[in-house]
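Below is one structure, written out as structure tokens, with a few remarks after it.
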Amino acid sequence: MSTSAATGYASEEPTHAPPWHGLVVWDVFFNALTTGLFLTVAVGELTRPTAFAPVAAWAYPLALAFLLIDLLLLVLDLGDPLRFHHMLRVFKPSSPMSLGTWCLTLYSFPLAALAVTDVLGLLGAIPTDCSVHAVGRTVLTVVALPFAFGSMAYKGVLFSTSSQPGWRDARWLGAYHVASALALGSAALLGLAAVLGHDPAASLLRPAVAALVVVQGVPLLCLVRELQPELVRRYPRMQLWGGGVLVAGVGILIPLALLPVWSVGMVLFVSVGAWVTRHFVVMIPEA
Amino acid sequence: MAVRELELPAHPAGVDATPAPRGLFAKLLHRLTYPFRRGVRPAQQPPTGFYTDTTVCIGCKACEVACKQWNQLPADGFTFTGNSYDNTGALTGDTWRHVKFIEQFTTPEPVAPAPQRFPLEVVTAPVSQPPVDFGRWLMMSDVCKHCAAAPCQQACPTGSIVYTEFANVYIQPDICNGCAYCVAACPFGVITRSHFDGHSHKCTLCYDRQCDGLVPACAKACPTASIQFGPVSELRERAQNRVEQLKAKGVPAYLYGAEATETYTELHSFYLLTDRPEVYGLPADPVNPWLHMRGDYLRSALAGLVGLVALLLAFLLGG
Amino acid sequence: MPGLGTSFGRGAATNFTQDLANSDCILIMGSNMAEAHPVGFRWPMRAKGAGATLVHVDPRFSRTSALCDVFVGIRAGSDVAFLGGVVNYVLTQDKWFKEYVAAYTNAATIVEQGFEDAEDLDGLFSGYRPESGTYDPKGGHWAYAGSSGNEQKKSEPGQHGTHGYGLMGVAEAGDAPRTDPTLQHPRCVFQILKRHFARYTPEVVAEVCGCSPEEMVRVAELLCANSGRDRTSAIVYAVGWTQHTTGVQIIRTAGILQLLLGNVGRPGGGIMAMRGHSSIQGSTDVSTLYDTLPGYLPQPVAHADHESLQGYLDKEGMKTGYWSNFPEFVVSLLKAYYGPAATPDNEFGFGWLPRVDGDHSHLVTFDRMSRGGLTGFFLFGQNPAGGGMNAGLQRAALRNLDWLVVADWFETESAVFWKDDPNGPPAKDIKTEVFFIPAAGHVEKEGTLTNTQRLLQWHNKALDPPGEARSDAWFVYQLGKRLRALYAGSTDPKDAPLLNLTWDYEYDHPHTLPDGTVSRVAGEPDAGKVLQEINGYQTAEIDPRSGRPKLLPGFSALKADGSTACGCWVYSGVYPEPGRNRANRRERTPGNPVEPNWGFAWPHNRRVLYNRASADPEGRPWSERKKYIWWDDSQDRWVGPDEPDFEPGKAPSYRPPEGARGMAAIGGDQPFIMKTDGLGWLYAPKGAKDGPLPCHYEPLESPVRNLLYPQQASSPTVRTFAGPLNSVAQGPTDVFPLVAFTFRLTEHYLSGPMSRFNSWLNELMPEMFAEIGPELAAARGVANGDWVTVRSARGAIECRALVTPRIKALTVDGRAVHQVGLPFHWGFAGEVVGGNANDLTAIVAEANVSMHEGKVFACQLEAGRHGGNPPAATKIAVPWPTRDPVPDTPRSAQPEGGFAHGG
Ligand SMILES: Nc1nc2c(c(=O)[nH]1)N[C@H]1C(S)=C(S)[C@@H](COP(=O)(O)OP(=O)(O)OC[C@H]3O[C@@H](n4cnc5c(=O)[nH]c(N)nc54)[C@H](O)[C@@H]3O)O[C@H]1N2
Ligand SMILES: Nc1nc2c(c(=O)[nH]1)N[C@H]1C(S)=C(S)[C@@H](COP(=O)(O)OP(=O)(O)OC[C@H]3O[C@@H](n4cnc5c(=O)[nH]c(N)nc54)[C@H](O)[C@@H]3O)O[C@H]1N2
Ligand code: SF4
Ligand code: SF4
Ligand code: SF4
Ligand code: SF4
Ligand code: SF4
Ligand SMILES: [Mo]
């Protein structure tokens with residue numbers, strides 16, 4: 001109930017928040033997971049095939065699963081999910097959402113093919129040691145790479161290219177999303193390697209994860225600086241402090257400490273940090 | 001009777017020709033292929049729009065009702081807000097016109113007594129606008145701004161939002177899939193997604209009426225010509241004259257959105273205001289978010305590059 | 001509208017709405033024009049655009065105030081004081097329009113010896129009869145001196161209740177009264193006026209009204225500065241003035257002011273009475289009032305004077321002025337009613353007219369009904385259980401009926417009172433049998449509407465009404481036919497009026513709709529034939545073009561010998577020839593803003609009344625800028641853009657010969673032709689039952705004493721209807737210390753049936769609220785949006801508080817007086833429901849027109865809900881939108897961007 005005041009509507013934000021709700025936090029999170037995981041494993045497989053091939057056979061299907069969850073969330077968040085295919089009527093690079101949809105679509109096909117071959121290979125249904133298999137996989141991986149990166153890069157830009165409070169000032173949101181996705185993806189791969197017991201991959205990954213987890217702090221700091229006014233305006237102090245602890249402590253420091261000792265736990269902590277950051281950012285207009 | 005303008009052609013031009021598909025398969029096929037069909041682009045016309053002179057708005061909301069009636073839009077619910085006479089609240093997908101009320105009274109007593117006691121000299125006629133001594137009640141009919149370069153249009157991933165031949169921003173209701181990116185993109189909070197059909201809606205600038213040579217319903221209903229419709233260039237000139245006329249009377253009038261700023265294009269629906277834009281719920285300096293898109297992508301790519309280098313270093317140099 | 005009638009001669013707005021664009025200053029007072037007449041308000045806005053100053057004087061800062069240049073907040077019910085102050089200012093500052101006043105008003109006329117003013121008698125005029133609460137104008141010597149005017153000629157309306165003359169202000173003034181052109185005689189109207197208003201000084205006015213003296217003076221200065229030869233000011237009022245126990249006198253004060261400033265009969269001047277319902281003007285013209293016949297003829301009363309036609313004509317006719325044609329009007333009306341059965345031998349059926357035997361006005365009738373005095377009732381298009389004064393009493397009255405017929409578009413409070421009144425008795429205890437007749441909408445029937453500016457506009461029928469719905473005309477026509485069939489063959493004299501009625505309005509050809517199809521409705525009367533009868537015709541002459549009686553060109557053709565018939569003389573000329581329905585004309589006249597070919601304005605298509613006054617006594621325009629009607633020597637006639645409201649060939653120099661009768665008695669420089677003396681009346685020797693000059697009286701319920709006439713709190717002639725359901729808290733009391741006043745919102749219509757069943761309007765104003773100022777809110781501990789209970793001597797309602805600085809606390813009589821503004825649009829039937837302001841108002845009757853005081857009463861306001869049963873919506877909101885396409889509409893014409901689309 002607003003009282004009549006000489007300032008009229010000045011205290012109200014003129015924009016409307018998109019009705020994306022909490023689903024989108026999970027969507028952004030899974031987008032980071034699938035693209036980050038795919039990019040790390042693809043780069044790994046392309047540079048050190050022997051070390052990464054066994055993990056990759058599990059990693060691609062996992063990336064596909066993440067992608068499917070992501071796509072499902074995306075479709076569910078539409079006002080009219082039965083019109084999902086309308087996204088493919090046009091290709092509009094001016095719209096990050098259009099670019100993202102095309103990238104996700106084009107990324108999904110080779111990824112699906114890779115995942116299928118991998119699953120079939122794991123089940124022993126097709127031979128995995130022939131050259132056709134290897135060349136095919138390499139071709140699919142190379143084809144998928146740019147689209148995977150596009151799928152990763154559009155996401156933050158989608159938010160920052162808007163008029164919503166906070167988002168519109170978030171010049172580093174895209175960069176943070178990419179850096180964090182790589183950290184998250186590499187961590188997930190490390191976790192997978194650890195679970196599967198593939199030490200060569202794990203040992204190659206450890207320094208990479210450490211570097212990426214640290215590197216993501218740079219765009220994060222920039223982002224927090226940009227968002228500070230809106231964050232402070234919209235969230236209670238306690239929540240912000242709690243968020244800060246989760247993001248920096250649980251999401252960065254603890255994983256660094258756990259990295260040498262407990263990879264699976266490390267993945268969990270990195271995920272929590274990544275999710276919390278995304279939650280705070282995505283929910284700004286509705287907070 | 002001067003109702004000629006209500007006469008519709010006996011066979012309106014349109015898409016009626018194709019019969020509705022029958023049968024499940026045909027329906028499915030139709031549904032899948034429908035969005036990919038393309039019509040013929042009509043010939044370009046001079047840009048049209050609105051000039052809204054808020055100083056003559058009487059807050060009658062005839063425009064709101066005319067819009068709902070013409071477009072058969074649903075009521076938004078019956079809530080008493082207590083915010084002056086504004087029980088509509090905001091523009092939404094179901095409310096494409098919204099009249100705002102701003103009560104500006106300096107003290108609880110609207111009338112400040114005149115300085116000296118009982119002066120008897122006659123005011124010379126005609127009497128110019130007296131000082132605002134009792135406060136004011138501002139009213140403004142808000143609508144989609146029909147931005148010359150519209151963020152909502154740039155955002156729309158389905159191509160549902162287009163510019164019509166009148167350079168108006170138009171959401172094709174049969175294309176929109178409710179992604180709501182336009183909602184996020186519009187700096188003026190014009191669009192929302194309707195919970196009735198899950199699609200986004202906003203003022204069409206009465207595209208159908210314009211095609212039939214009619215004035216938009218809201219402008220037609222406005223009793224005081226607060227809403228004026230016409231070719232944008234003409235409107236700008238008219239508005240400029242009015243601003244000068246008001247300024248001569250000492251009214252602090254100015255145009256909002258008639259010209260492009262460094263960060264935003266001109267609005268084809270622009271306003272004559274007498275207070276700061278924020279007071280009317282308008283952003284003081286709207287920014288087209290697309291100004292940042294390239295830079296944001298570059299920073300993302302940079303982050304990707306750094307990450308890639310880190311990966312490559314680790315993998316290539318690692319044991 | 002006797003306020004205007006007594007001042008100028010006709011009870012109607014003097015100018016037309018579009019003409020407000022020609023004003024240099026517009027005083028809007030007692031009207032919420034922007035909210036209640038938004039479309040008409042474009043004309044004041046146009047004037048403002050051209051440099052005019054708009055002034056609003058009102059208890060609350062409304063949307064109208066927002067658009068005006070000057071706003072003055074006053075206490076509801078203090079209008080006579082405010083305007084009296086302005087009149088006093090004009091007189092004491094010598095700002096009156098000398099030539100105009102001297103020539104066109106009765107300023108110079110001398111009043112009879114023995115008249116005593118309210119100044120001398122503490123707020124009463126001479127002639128007051130305390131036992132009956134009425135005035136005796138004769139005993140009070142109100143009449144002009146030196147004439148036969150002091151003869152008591154009329155059958156005095158008084159308690160008989162007729163107000164036909166009042167409406168048109170045609171009281172006889174007698175012939176050749178004495179005058180003093182120097183205006184110095186102590187008993188001349190001008191001097192009486194000066195003395196009368198002397199006590200209305202700015203300070204006293206400010207004290208009464210709660211404004212500052214400077215504010216009142218500023219309004220006066222603006223009006224003075226914008227009146228005169230070269231400039232004109234207009235006054236706009238509506239029910240903010242009429243719905244008071246002093247309503248007629250408020251309008252009289254405005255009339256005096258406009259005459260003094262020389263603003264009547266001139267473009268951009270005059271008094272615009274903004275009327276309400278569509279065709280409410282029409283319903284006073286072709287009268288629906290119980291005491292007038294069509295054309296403002298008085299309904300005969302049950303009195304020996306009115307026994308015979310001749311007696312009636314002698315008593316009611318006038319010797320001079322246009323009303324000298326009274327016999328022509330009456331006989332032609334009787335011929336229209338009874339056709340061939342009306343003959344000179346039977347006095348044209350005069351004896352068949354019902355006689356009035358008392359006050360049968362709406363409120364009085366409902367008071368009687370509430371006491372069990374009626375058994376049955378027809379209710380066409382009215383909702384007394386919602387919009388009527390003291391609606392609780394009106395519902396109680398309806399519960400006393402045996403049967404009730406409600407013809408309406410919606411199931412209104414008056415139709416569902418027996419089952420949905422949340423605080424009424426259970427349905428089983430109510431004996432009233434209610435018949436609900438679905439009525440056709442306005443687009444489902446044809447006919448004319450007469451608007452505020454007396455303009456008749458024909459509207460066509462667009463489609464047939466749905467289902468069993470029928471037009472009101474159909475219902476009444478068929479009812480008449482059935483009744484006549486029932487009584488056919490009766491020789492009982494009391495059945496003669498019914499059997500002799502002309503009752504034949506069948507369509508000659510099948511009644512077709514605009515799309516060419518034949519109407520499904522059988523038995524609809526032909527509204528065109530009704531309009532022709534109203535226009536009038538020669539009873540004995542057949543027009544070869546139509547094969548029907550020859551139509552009259554206008555009321556000047558009327559005869560008193562039975563050779564003409566005319567259903568309403570003021571409308572005569574609207575249908576002068578077969579196929580020429582002037583109400584249906586929509587021709588623009590480029591270059592002539594009067595647009596004389598758009599519709600038809602009564603009388604005789606005159607748009608500005610008394611427009612002879614737009615020229616000086618010699619017939620020359622007062623100024624080039626305000627040129628309107630003037631005498632053209634070369635053509636020997638009056639010319640101009642409008643129809644002259646004067647005999648077209650009567651030269652300005654014409655002087656009536658001694659003993660002249662009829663129009664011949666009106667001089668060439670006397671513009672007010674309806675008046676016996678051809679002059680505008682500053683002082684009304686007759687016509688107003690509550691005094692020849694206005695006085696400030698407090699509303700019946702007021703928390704303030706009368707500061708101007710301490711002896712006389714409220715109007716001495718007001719009638720009250722005491723009873724347990726209608727108690728009145730007269731005089732200041734602590735129980736009801738607040739001033740409540742009512743107003744309209746643009747978003748709703750009257751008691752709400754036509755708006756509260758419509759979700760597009762309901763969402764704009766969903767709930768009943770009270771507008772209160774921040775000071776009162778603080779004093780009662782109420783926050784904006786909170787529930788509050790408002791109480792009066794009649795009842796209590798709950799609503800939301802809209803706390804706004806637009807309602808200011810006033811200082812009256814040295815203390816703070818708070819006001820509570822209440823819209824009256826809510827009730828218990830509809831899609832949105834809520835507290836009804838009319839559950840708080842009282843039934844009282846002003847002396848002239850039995851008008852209530854719905855605009856102001858005393859109340860109390862408390863925080864919190866009332867506690868009674870809150871009403872529940874009787875109509876479920878339509879789950880808009882339908883997903884289905886609009887029927888009978890091609891897909892490309894479906895609502896654009898609408899919800900019906902989809903791939
Ligand atoms: N939207 C809409 N339009 C309508 C109607 C409607 O219900 N809704 N009704 C129609 C009808 S039937 C009519 S009669 C007209 C009426 O039209 P208006 O008379 O213009 O309407 P109101 O708002 O009832 O009253 C006019 C003003 O009188 C003020 N007022 C109250 N008491 C006093 C007083 O003592 N002195 C003065 N000076 N002012 C006072 C109120 O604050 C209000 O601003 O409107 C017609 N038009
Ligand atoms: N407190 C307070 N009370 C007021 C007033 C005020 O200012 N203050 N204003 C007063 C005034 S000015 C007026 S005019 C009255 C009005 O009071 P009412 O005359 O009772 O007016 P409505 O409430 O509009 O009811 C009119 C009904 O007519 C129906 N109707 C409309 N058209 C037709 C038709 O063609 N045929 C039939 N059969 N029915 C039709 C509508 O559906 C509606 O139910 O209210 C008065 N009440
Ligand atoms: S105002 Fe908003 S909805 Fe309208 S065109 Fe501009 S960006 Fe689009
Ligand atoms: S919601 Fe509809 S109109 Fe808006 S961006 Fe998405 S597809 Fe386009
Ligand atoms: S132009 Fe048409 S759609 Fe737009 S606000 Fe006006 S009436 Fe509504
Ligand atoms: S119709 Fe015109 S005057 Fe009425 S609210 Fe709308 S813009 Fe204002
Ligand atoms: S409702 Fe009708 S009469 Fe009243 S202002 Fe609107 S158009 Fe005029
Ligand atoms: Mo009315």
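For clarity, every value in this text was computed on a predicted model and none was experimentally measured.
Note: B:D76 leads B:D76, B:T224, B:T88 in heavy-atom pairs under 4.5 Å with chain C.
Shown here are the ring pair (Phe, Tyr, Trp, His ring centres under 6.0 Å) partners of C:W43, two or more places apart in sequence or in another chain: there are none. Every residue two or more places apart in sequence or in another chain was checked for a ring pair (Phe, Tyr, Trp, His ring centres under 6.0 Å) with B:F166, and none qualifies.
Looking at C:E771, the atoms closer than 4.5 Å to chain B (heavy atoms on both sides) all sit in the side chain, from C-beta outward. Heavy atoms of C:M765 lying under 4.5 Å from chain B belong to its backbone as well as its side chain. Interface residue C:N762: backbone and side-chain heavy atoms are both found under 4.5 Å from chain B. Proximity to chain C is limited to the side chain of B:E64, based on heavy atoms less than 4.5 angstrom apart. For C:S227, no part lies under 4.5 angstrom from a heavy atom of chain B. Contacts of B:C211 with chain C are absent, with no heavy-atom separation under 4.5 Å from either backbone or side chain. For C:L67, the part lying near chain B is the side chain, with the backbone staying farther off; criterion is any non-hydrogen pair under 4.5 Å.
A cation-pi geometry, defined here as NZ or CZ lying under 6.0 Å from the six-membered ring centre and within 45° of its normal, holds between C:R806 and B:Y85.
Shown here for C:L761 and B:V65, the closest heavy-atom pair between the two residues is CD2-CG2, 4.0 Å. A pairwise comparison of heavy atoms in C:K48 and B:K249 identifies O-NZ, 3.8 Å as the closest pair. Scanning both residues, C:V39 and B:P223, for their nearest heavy atoms gives CA-CB, 3.8 Å. What you find for C:A66 and B:M139 is that their closest heavy atoms are CB-CE, 3.8 Å.
Below 30°, between 30° and 60°, or above 60°: for C:F61 and B:W137 the angle between ring planes is between 30° and 60°, a tilted geometry.
Looking only at atom types and distance, the side chain of C:T804 has a donor-acceptor partner in the side chain of B:E103 under 3.5 Å away.
Under the 3.5 Å distance criterion, the side-chain polar atoms of C:W760 are left unmatched by any main-chain donor or acceptor of B:P74. When atom types are taken as modelled, the side chain of C:E767 and the backbone of B:F78 share no donor-acceptor pair closer than 3.5 angstrom. In this structure a side-chain-to-backbone donor-acceptor pair under 3.5 Å is present from C:N784 to B:G82.
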- List the steps, then state whether side-chain contact (heavy atoms from CB on, under 4.5 Å) holds for C:M768 with B:F80. CA-CA 9 Å; C:M768 171 67 186; B:F80 177 81; over 6 Å; no

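B:C60 contributes atom SG, which lies 8.0 Å from atom CZ of C:R63 (distance to the nearest 0.5 angstrom).
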